[in-house]
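Computed from a predicted structure; not experimentally measured.
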Amino acid sequence: MAEATDFLAANLKNYQLDELENELNEMKKIEVVANDKKQATLDFLYQDFLPPIERPDILEITQALNTLLGTVSSDILARLDRYQVKTIEPDVFVLVEVLKQGSDKTLALTKELIHFKHPEKLLALMKDINSLVRRGYALHHQAIKKMMHNENDAIVVFSYSNIYEGFNRSWHALERLTRAVEAMIIQNT
């Protein structure tokens, strides 16, 4: 996930519409690697052993991570290509930075899952992620409102409304992840 958000951030800093299709292909490679890792995790779980974390909890967490990755590639980067966006609005950079911070916290959270019986760090990371989610929702709202107030081009409004919705789906995916980890902690401690 962190690799995907880093890739998105780098792509937007050096944004070139004519290179976007190639960048999408690179993002798809990142997504394939992540999906392969998810499948390897699930295959491992199907073996005859009892993991310390319940299988449904792991499944929910991996699905939430997969959804989050999908929002970065399909809901944000692909929409920039689909709508042939020529310039990146400044609000996008702010939203990407919050998403990147959420991704970094998500990586730390997944590494900390092994210590779920002592959830202090997990709870702190979830609190940080939820704070970033609230910030993301607020920034999303402000960006849409500003665009509706200042932009007269209906195509730009349509395009960016859909791109901003991709960020909104990212916030939902982060919330789903923290809910899954919270449920896992409650059920297993």
I'd like to know whether [atom1] of [X] has more than 12 heavy-atom contacts from other residues, nucleotides or ligands below 6.0 angstrom.
{"X": "Asp18", "atom1": "CG", "result": "yes"}
{"X": "Arg169", "atom1": "CZ", "result": "no"}
{"X": "Ile155", "atom1": "CD1", "result": "no"}
{"X": "Gln84", "atom1": "CD", "result": "yes"}
{"X": "Glu3", "atom1": "CD", "result": "no"}
{"X": "His115", "atom1": "NE2", "result": "yes"}

State whether the side chain of Glu97 and the backbone N or O of Val94 hold a donor-acceptor pair below 3.5 Å, judged by distance alone. no

Nearest 0.5 Å, please: how far is [atom2] in [Y] from [atom1] in [X]?
{"X": "Glu31", "Y": "Ser74", "atom1": "CD", "atom2": "OG", "value": "5.0 Å"}
{"X": "Leu113", "Y": "Lys111", "atom1": "CG", "atom2": "NZ", "value": "12.0 Å"}
{"X": "Ser170", "Y": "Leu95", "atom1": "OG", "atom2": "CG", "value": "9.5 Å"}
{"X": "Leu99", "Y": "Leu8", "atom1": "CG", "atom2": "CG", "value": "7.0 Å"}
{"X": "Lys100", "Y": "Lys105", "atom1": "NZ", "atom2": "NZ", "value": "12.5 Å"}

Taking the ring centre of each residue, are Tyr83 and Tyr160 less than 6.0 Å apart? no

Phe167/His172 aromatic ring centres below 6.0 Å: no

Starting from the C-alpha separation in whole Å, work towards a yes-or-no answer on salt bridge (charged side-chain N to carboxylate O under 4.0 Å, His left out) for Lys146 and Glu151. CA-CA 8 Å; Lys146 184 169 93 177; Glu151 184 58 59; over 6 Å; no

Nearest heavy atoms of Ala34 and Leu69, plus distance in Å: CB-CD2, 3.2 Å

What closest approach, in Å, do Glu21 and Asp81 show between heavy atoms, and which atom pair accounts for it? N-OD1, 4.2 Å

